[in-house]
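Quick note on labels: first sequence line is chain A, next is B, and so on, each numbered from 1. Both backbone and side-chain heavy atoms feed into the values below; hydrogens, waters and symmetry mates do not.
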2 protein chains.
Amino acid sequence: MAVQGKTKHEVLSAFRTAEILGAARKVFAEKGFNDATMDQIAEAGGLSKGTVYLYFPSKRDVYLAALMHGAQELGILTAQRMAAVEGFRAKIRAFFQTRLQYLEENRDFFQIYHSEFGNIMHPVALCQDFRDLYLKNLVAFESLLKEGMEAGEIRASNLPTIASAIYDMAKGTMMRRLIGPTGTSVDEDVETLTDLAWKGISN
Amino acid sequence: MAVQGKTKHEVLSAFRTAEILGAARKVFAEKGFNDATMDQIAEAGGLSKGTVYLYFPSKRDVYLAALMHGAQELGILTAQRMAAVEGFRAKIRAFFQTRLQYLEENRDFFQIYHSEFGNIMHPVALCQDFRDLYLKNLVAFESLLKEGMEAGEIRASNLPTIASAIYDMAKGTMMRRLIGPTGTSVDEDVETLTDLAWKGISN
DNA sequence: CGATTTTCTGACTCGTCAGTCATTATGGCC
DNA sequence: GGCCATAATGACTGACGAGTCAGAAAATCG
């Protein structure tokens, strides 16, 4: 029994949930929230619509789960990679590197991630949690810049605006890479962005 | 007859069209494309649904017209303001200034504008024209940077990536200002961004 | 191998809306 | 006013898709 402390039921449930989320990611990425149907998700996951509803109460919940799963992973990964290197230039570089690389490995997820930003300012409707996570990560990044400022590596300036701008350099570059081929490699883009950002903020 | 060379019909038609677009902008901004209904748009414009269909063939066309109208205006305005000043730092500053200011004056439009970016990589579906316009403006901006590079004001680097990054600083800052109060004034943000970008790219 | 419980299924319901069109209002003109 | 043309209306239709649930299938067990 002590094996993972999981009942058979829990294992099966986790398995199905993962199966559904994988399918959902694919379908939502391709069609967007509104044009994706539960039947398509079920089909992509090789099960029936009824089964999907056994594991998720609504379409929105499936979407949310797919979105938040990736967003949390990305946030954690980014924080880890930044923490793992010394010096603020290297941290900024790690920031870009992690995100652009994660993009290449999770294109489906980023279709969803980026389109969600389109809705982030709407009535709250679709996803307060996502918005909160975004703002949380942004604030964390801002604190990091503040440390850099106090350490004298980064020049004094309006940190919230700066933090947001750097975040958005990454986001925009990712979008551009999603739309189509860019003629630049990930590494090139990482260097270019790091350079731009670092020259922009360093003392 | 020579008055504007317009028939009565044309005048009325232009009037109704503008009326509908104004209402559409408001409703689409508030609800997003999918959750906005034609009845709501008609009501907001003080006319009936049938009338809307006399001037636009479909919901998507109303949306497109609202989107493209603002996007074109913004593109033209930005280009003009940049052309009107001397020196590349000033041009970059004008770029940020124009956009952030236009945001304050056209919040409804920007709700639509930004959410459209969420769809920009999808099946093409919603708006090839918008995508094309975006890329056109981006390329134009890139050319401007190239001039700056050739003039020795801007250091050599990967221009497409740089241009995109600067565009996205503006876009992201606008989004942040749309989501909620930021504690910074437009002018502060303009200075901060100009500084960041200019230090990032200048020689 | 039944009996019983758990899991799955997909045809069905029911609300919603884009788009239509027969009917009504408006206004210009003699 | 009476006639016609043009503009506007809003009840209606048809499609679609989220969510349901009665029953089928599969797993578990004695």
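- A straight line from CG of B:D61 to P of C:dA18 spans 14 Å, rounded to a whole angstrom.
- In this entry the distance linking CG of A:D35 with P of D:dA18 reads 10 Å, nearest Å.
- If you take CG of B:N34 and C1' of C:dT16, they are 13 Å apart, rounded to a whole angstrom.
- Separating the CG atom of B:L54 from the C1' atom of C:dT24 is a distance of 14 Å, rounded to the nearest angstrom.
- Atom C1' of nucleotide C:dT20 and atom CG of B:D39 are separated by 13 Å, given to the nearest angstrom.
- Rounded to whole Å, atom P of C:dG19 lies 18 Å from atom OH of B:Y55.
- Two rings, from B:Y113 and B:F117, have their centers less than 6.0 Å apart.
- Between B:R177 and B:D189 there is a salt bridge, since at least one side-chain N of the basic residue sits less than 4.0 Å from a carboxylate O of the acidic one.
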* Derivation of the side-chain hydrogen bond (donor to acceptor under 3.5 Å, both in side chains) call for B:T51 and B:S48 -> CA-CA 5 Å; B:T51 305; B:S48 74; 3.3 Å; yes
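- Shown for residues 44-53 of chain A: residues whose heavy atoms fall under 4.0 angstrom of DNA chain C, namely A:L47, A:S48, A:G50, A:T51.
- Contact check, B:R16 against D:dA8: a side-chain N or O comes under 4.0 Å of OP1 or OP2.
- Separation of atoms CD (B:E116) and CE (B:M68) is listed at 10.0 Å; rounding is to 0.5 Å.
- Atom CD1 in A:I20 sits roughly 12 Å away from atom C1' in C:dT7 (whole-Å rounding).
- Rounding to whole angstrom units, CE of residue B:M38 and P of D:dG14 are separated by 20 Å.
- Contacts of B:A42 with the nucleic acid, taken as non-hydrogen atoms under 4.0 Å apart, are absent.
- Sorted by first then second residue, the salt bridge (charged side-chain N to carboxylate O under 4.0 Å, His left out) pairs that include residues 66-92 of chain A, not counting sequence neighbours, are A:R89-A:D195.
- A:I41 is listed as a side-chain neighbour of A:F28, based on a closest heavy-atom distance under 4.5 Å.
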